[in-house]
Amino acid sequence: MYGVGRGFASVLSGNSTIALEAGFAQYPPLMSMVRRQYPFHLIEPKWQRFWEERQSFRAWNPGETLPSEHPFARRHGLGGRLSSAEEMPPKYFILDMFPYPSGAGLHVGHPEGYTATDILARYRRARGWHVLHPMGWDAFGLPAEQYAIKTGQHPRITSKRNIATFKRQIQALGFSYDWSREVDTTDPGYFRWTQWIFLQLYNSYFDPEWNKATPIALLEDALSDAPRRESEWRGNPFLSGTHKAWIEMPPEQKYGLRRQFLDRWRLAYVAEAPVWWCEALGTVLANEDVVDGKSEVGGHPVVRRPMRQWMLRITAYAERLLADLDTIDWSPSLKDMQRNWIGRSDGAEIDFVVASSGGEASDGAPRIRVFTTRPDTLFGATYMVLSPEHKLMDEITTPAQREAVLEYKARAAAKSDLDRTDLSKEKTGVFTGGHAFNPATGERIPIWIADYVLASYGTGAIMAVPAHDTRDYEFARKFSLPIVQVVEPPAGTDWRGYVDDGVAVNSAAGDLSLNGLPTAQAKARMTEWLEAKGLGVRTVNYKLRDWLFSRQRYWGEPFPIVWRQDASGNWFHEALPESALPVLPPELDDYKPTSEGEPPLARAREWVHLGEGVRRETNTMPQWAGSCWYYLRFLDARNDAVFVSRAAERYWMGTSDGRPRSVGPESDTDASGSSCAAADAAPRPGVDLYVGGTEHAVLHLLYARFWHKVLYDLGHVSTPEPFYRLVNQGLILGEDGQKMSKSRGNVVNPDAILDEYGADAFRLYEMFMGPLQDSKPWSTKGVEGVYRFLGRVWRLFIDERSETEFEQNCAAEPRRAAEHLEAIRLSPKIEEAAPAPAQLKALHACIQKVTEDLDGLRFNTAISAMMVFVNEAMTWPNRPVPVLRDFLILLQPFAPHLAEELASRLPPAGEWGAEGLDLAYQPWPRFDPALLIEETLEIPVQVNGKLRDVVRVPVTATAPEFERAALAAPKVQPFIEGKTVKKVIVVPKKLVNIALG
RNA sequence: GCCGGUGUGGCGAAAUGGCAGACGCACGGGACUUAAAAUCCCGAGGCCUUCAACAGCCGUGCGGGUUCGAAUCCCGCCACCGGCACCA
């Protein structure tokens with residue numbers, strides 16, 4: 001496996017000099033030929049093969065029969081039986097964000113999270129959990145397609161090759177994935193279910209009464225003359241109201257409107273949406289694919305263009321996506337990012353009546369509806385602004401202003417969104433000539449058009465309160481519009497441009513006065529008044545937009561949709577039946593869009609045209625689609641009948657029996673009072689731990705949550721949230737402290753590190769660098785440090801003489817290296833003796849620290865605790881076997897290959913070494929707090945908070961004894977002589993502080 | 001501009017109200033060696049004094065506060081990183 005040039009390297013596995021002669025002829029100078037700390041090049045492939053052959057890390061679904069020889073079955077006494085969810089230990093689902101297998105291969109950033117989760121997966125197995133730890137490939141995507149356009153090579157081939165590289169690299173790290181559950185989003189057996197989920201969305205609508213996704217069949221039923229499912233929707237005012245409207249509709253209109261109505265309500269719908277079109281890539285891009293006005297991939301220019309697109313109605317879930325953040329264990333900053341993205345704001349919609357040309361209000365006059373979060377400032381609204389796209393524009397614009405307005409509209413349309421929203425640009429706008437009445441003051445105020453008002457947010461129109469809104473203030477000053485104060489700021493602050501809360505002033509007319517009310521109350525009062533008068537209504541707005549779900553690409557999931565024409569020649573869409581899945585993409589020679597700008601799939605004429613005027617949809621789904629639900633497929637990856645079986649879903653998502661279990665595997669047998677927290681032992685609803693980078697903080701995680709909720713509403717999954725706990729790993733920077741990038745030339749290739757130091761050292765270093773969540777720079781020197789530590793562990797166990805023999809034998813017969821490895825003997829210092837108290841103490845301190853640190857995800861300090869233990873153990877005259885055994889169990893999650901190798905050499909005892917129980921399944925040792933108790937303690941003595949001396953006192957000492965010892969401490973004397981002791985603070989077993997007067 | 005995070009030796013870091021710098025890197029000295037590598041042992045925050053040691057003083061981005069005691073808690077500022085950004 002580490003075969004590179006290593007005919008030679010493997011010969012040189014020790015401090016042998018004989019090997020050099022063979023090597024020198026072919027290989028360049030000595031430099032890289034440092035002595036290996038231990039023969040990891042033989043050990044690591046050996047154990048990887050062992051785990052693979054035994055399927056050591058396979059997880060089992062309820063209903064499967066466990067082979068009696070499998071280590072998990074052995075450990076839990078489940079061998080040879082049909083397993084049920086009740087019999088199996090509680091699950092622990094630990095998930096990595098699966099990678100996009102790029103051509104560049106693995107990056108040192110990938111294994112950081114993967115190592116962390118692997119350590120925890122192994123730790124949980126040792127603690128008795130049933131661990132699900134899978135891996136797969138997010139393999140649809142643009143790079144493979146771009147490569148195909150350039151070379152004509154099918155993206156499937158590129159993807160397969162990249163997956164093979166990624167898999168080889170990941171497996172070389174010894175991760176304990178259950179490879180029998182591997183998924184690949186480009187596999188028809190997988191994307192068939194992605195398409196199936198799309199059909200679920202297509203065939204559902206969001207019911208405003210029930211606040212959840214509901215089969216569209218129910219809405220169809222309500223839109224029929226003789227409903228058959230009335231009993232299901234009678235209690236639902238929305239559906240019964242819809243039905244009533246249907247019945248009252250003139251028959252000649254009914255059937256034309258029916259399809260339109262249904263299609264408008266679907267969770268997956270078609271809309272003419274302004275989208276980012278990238279000429280160079282020949283596709284539309286979602287907002288998230290566009291960074292600073294350029295395509296995220298390749299940095300090509302993009303323009304805004306209206307196109308027919310598939311959309312997903314994620315906005316319907318805005319409130320639930322927001323509210324349910326409170327039920328999951330994510331970092332506050334991550335939740336904040338999601339909250340900001342959803343962007344809830346509470347306010348009111350207010351109608352402004354447009355003044356007729358004569359200047360009076362009339363009944364039939366059009367109304368402009370605005371959204372504001374500050375209804376309390378309505379008295380200060382001195383003008384209005386419409387977005388350039390506003391639909392009432394023509395009605396409002398006076399003939400005199402028409403030309404200017406049209407010109408402004410044209411200019412705004414030509415601008416990209418980047419230009420429009422660009423930073424601190426001067427505000428622009430044009431007066432429409434029209435006026436409206438401020439509903440509070442009754443005053444006639446001018447209506448302007450300006451592109452600082454966005455058509456896509458709120459109502460696309462605002463009331464401008466220049467005194468208390470930064471943007472309106474700038475605009476008003478530029479165009480000399482009146483500015484009226486209506487909020488009194490705290491003393492000393494200028495009211496002009498004051499946007500925070502204050503007290504309402506100048507806000508009274510007729511039966512309404514807000515004067516003197518603090519902002520919060522003024523808002524409430526104003527809203528009440530507006531609602532009572534029918535002029536406005538309390539409203540909640542979200543920044544979140546519906547999800548643009550189609551791409552004009554080849555390498556993505558085709559939609560399971562066809563188009564037909566109705567009698568009047570209009571096209572309408574229709575879902576394919578489930579039996580038509582998977583819809584495979586056609587084979588093409590050319591992956592570019594057509595010259596007419598149609599997606600590449602349109603090139604496949606036979607594929608597109610199904611006869612009788614039926615055409616397939618030629619868009620494909622975005623890359624997010626496959627990653628939206630892959631964690632569910634892992635639960636039952638080979639099931640051809642359903643996307644995940646009910647039993648597997650309930651077991652692994654922690655809702656077996658429809659209720660979460662309350663007790664973990666070990667909490668009830670926890671006799672030692674060790675750190676095994678009972679609270680932590682309960683299975684979580686959903687993925688127990690999901691680890692990945694912050695780059696997916698909003699999009700992937702929001703989209704996946706959305707799909708999950710839809711599936712939950714439709715009864716396909718049993719939890720409202722997919723990922724119970726989520727941790728973002730930090731970025732690994734280059735050695736120069738900069739972000740790793742090819743252009744900086746600071747990219748570290750994991751293969752090179754593995755060759756030189758081995759997988760165990762690599763894993764250990766990635767965890768030793770610092771806290772998982774922090775960004776931190778790579779240091780190859782640092783790898784050497786942990787590598788030396790592993791060498792010390794090796795020498796703690798191994799007889800150095802027999803290692804020298806091993807090296808010589810390998811030099812002589814490199815082909816028999818594996819046999820020579822087996823001949824290495826244990827150190828003579830290792831004996832089956834009862835450990836001395838000091839030895840037990842060192843071990844148990846280590847157990848405690850490693851256990852607690854793993855529970856808290858503090859890998860770096862857990863490793864340092866093991867270093868401390870080994871440093872001490874190296875000085876012992878003898879090395880008792882029981883102590884070493886426990887230590888290896890602690891080491892196993894971090895450096896599994898070395899730990900297994902050393903464990904296999906220790907003498908058997910009980911289950912230890914028994915056929916069929918891997919080290920990975922040995923029960924985690926519990927520490928005995930009694931062993932850690934010191935007889936005497938070193939207590940620091942402070943005078944006025946400054947350390948002056950240290951005294952030794954028995955653990956049993958009482959507070960007065962502490963005090964006496966402290967006051968008698970020799971080095972304290974000069975500081976207290978001749979002074980009055982005001983107070984002595986005794987913190988038992990910790991410290992004494994003498995405060996002087 | 002708004003939101004979040006971080007700031008500790010030459011470097012990665014530890015300590016989250018109680019001995020600042022565990023562990024590791026780099027560095028210096030020693031042992032082993034013909035020599036080097038590897039390994040093992042020892043040293044090490046800064047300043048001042050001293051032959052040396054002891055002792056002393058300063059020290060966790062900056063300024064203030066709470067406390068017997070602050071890297072840790074509170075207030076104000078600065079710098080860097082990440083996210084959002086005309087969202088009314």
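Hydrogens, waters and symmetry mates are skipped; everything else that's a heavy atom, side chains included, is used.
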> Would you find a donor on one side and an acceptor on the other, under 3.5 Å apart, between the side chain of A:K335 and the backbone of A:I328?
Replying inline: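 Here the side-chain-to-backbone pair exists.
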> Okay, side chain of A:T539, backbone of A:V537: is any donor-acceptor separation there less than 3.5 Å?
Replying inline: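 Side chain of A:T539 to backbone of A:V537: a pair is present.
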>> I want to verify the glycosidic state of B:rG9; is it syn or anti under the 90° rule?
In response: syn
> Picking from A:R792, A:R788, A:R795, A:E784, what satisfies side chain to side chain donor-acceptor pair (under 3.5 Å) with A:Q37?
Replying inline: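 Output: one option passes, namely A:R795.
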Any base atoms under 4.0 Å from [X], or only sugar-phosphate, or nothing? Heavy atoms, all strands.
{"X": "A:D774", "answer": "nothing"}
{"X": "A:V868", "answer": "sugar-phosphate"}
{"X": "A:F975", "answer": "sugar-phosphate"}
{"X": "A:P974", "answer": "nothing"}
{"X": "A:S333", "answer": "sugar-phosphate"}
{"X": "A:R948", "answer": "sugar-phosphate"}
{"X": "A:R795", "answer": "sugar-phosphate"}

I want to check one thing: is the phosphate of [N], taken as OP1 and OP2, less than 4.0 Å away from some side-chain N or O of [X]?
{"X": "A:R788", "N": "B:rA38", "value": "no"}
{"X": "A:Q773", "N": "B:rU6", "value": "no"}
{"X": "A:S345", "N": "B:rA88", "value": "yes"}
{"X": "A:N860", "N": "B:rC23", "value": "no"}
{"X": "A:N871", "N": "B:rA22", "value": "no"}
{"X": "A:R858", "N": "B:rC23", "value": "no"}

Could you check how far [atom1] of [X] sits from [atom2] of [N], rounded to whole Å?
{"X": "A:M769", "N": "B:rA14", "atom1": "CE", "atom2": "P", "answer": "12 Å"}
{"X": "A:Y787", "N": "B:rG12", "atom1": "OH", "atom2": "C1'", "answer": "21 Å"}
{"X": "A:F869", "N": "B:rG24", "atom1": "CZ", "atom2": "P", "answer": "15 Å"}
{"X": "A:E963", "N": "B:rG18", "atom1": "CD", "atom2": "P", "answer": "21 Å"}
{"X": "A:Y452", "N": "B:rG1", "atom1": "OH", "atom2": "P", "answer": "21 Å"}
{"X": "A:D736", "N": "B:rG10", "atom1": "CG", "atom2": "P", "answer": "21 Å"}

>> For the aromatic rings, using the six-membered ring if either is Trp, is the centroid distance between A:Y383 and A:F479 under 6.0 Å?
In response: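 Ring centroids of A:Y383 and A:F479 are no less than 6.0 Å from each other.
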> On a whole-Å scale, what distance lies between the P atoms belonging to B:rG9 and B:rU60?
Replying inline: 9 Å
> Quantified in whole Å, what is the P atom distance between nucleotide B:rG43 and nucleotide B:rA35?
Replying inline: 26 Å
> Could you write nucleotides 67-83 of chain B as a row of B, S and -, 5' to 3', where a protein heavy atom under 4.0 Å of any base atom gives B, of only sugar-phosphate atoms gives S, and otherwise -?
Replying inline: -BS------------SS
>> How would you summarise protein contacts on nucleotides 28-36 of chain B per nucleotide, using B for base, S for sugar-phosphate only and - for none, with heavy-atom distances below 4.0 Å?
In response: ---------
>> If you compare all heavy atoms of A:A450 against all heavy atoms of A:P388, which two are closest, and at what distance to 0.1 Å?
In response: O-CD, 3.5 Å
>> If I compare all heavy atoms of A:S827 with all of A:L796, which pair ends up nearest, and what's the gap?
In response: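 Shortest heavy-atom contact: CB-O, 4.2 Å.
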>> Ring-plane angle category for A:F762 and A:W778, please: parallel below 30°, perpendicular beyond 60°, tilted otherwise.
In response: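 Rings of A:F762 and A:W778: tilted, as their planes differ by 30° to 60°.
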>> Angle between ring planes, A:H696 versus A:H700, binned at 30° and 60°: parallel, tilted or perpendicular?
In response: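 Correct class here is perpendicular.
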Check residues 856-866 of chain A and write down every donor-acceptor pair under 3.5 Å in which the side-chain atom is one partner and the other belongs to a residue at least two apart or another chain.
{"unit_1": "A:R858", "atom_1": "NE", "unit_2": "A:D853", "atom_2": "OD1", "d": "3.1"}
{"unit_1": "A:R858", "atom_1": "NH2", "unit_2": "A:E852", "atom_2": "O", "d": "3.2"}
{"unit_1": "A:R858", "atom_1": "NH2", "unit_2": "A:D853", "atom_2": "OD1", "d": "3.4"}
{"unit_1": "A:T861", "atom_1": "OG1", "unit_2": "A:D853", "atom_2": "OD2", "d": "2.8"}
{"unit_1": "A:T861", "atom_1": "OG1", "unit_2": "A:R858", "atom_2": "O", "d": "3.2"}
{"unit_1": "A:S864", "atom_1": "OG", "unit_2": "A:T861", "atom_2": "O", "d": "3.1"}

>> Applying side chain to side chain donor-acceptor pair (under 3.5 Å), can you list everything that pairs with A:K543, at least two apart in sequence or on another chain?
In response: none
> For A:F869, what residues pass the ring-ring contact (aromatic ring centres under 6.0 Å, His included) criterion, not counting sequence neighbours?
Replying inline: A:W876, A:F887
> Do A:R369 and A:T459 meet the criterion of a side-chain donor-acceptor pair at a distance under 3.5 Å?
Replying inline: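 No, no side-chain donor-acceptor contact under 3.5 Å.
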> Does A:S779 or A:G343 map to a spot on RNA chain B nearer the 5' end, using the closest nucleotide for each?
Replying inline: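 The residue whose closest nucleotide sits nearer the 5' end is A:S779.
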> Could you spell out the base pairing of RNA chain B in dot-bracket, with Watson-Crick or G-U pairs whose two distances are under 3.5 Å, [ ] crossing and | to another strand?
Replying inline: (((((((..(((.....[....))).(((((.......))))).(((........)))..(((((..]....))))))))))))....
>> Any N or O donor-acceptor pair under 3.5 Å from the base of B:rC11 to the side chain of A:K781?
In response: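 Looking at the base of B:rC11, it does not pair with any donor or acceptor on the side chain of A:K781 (distance under 3.5 Å).
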> Can we say A:R344 and A:E319 salt-bridge, meaning some charged N sits less than 4.0 Å from an Asp/Glu carboxylate O?
Replying inline: yes
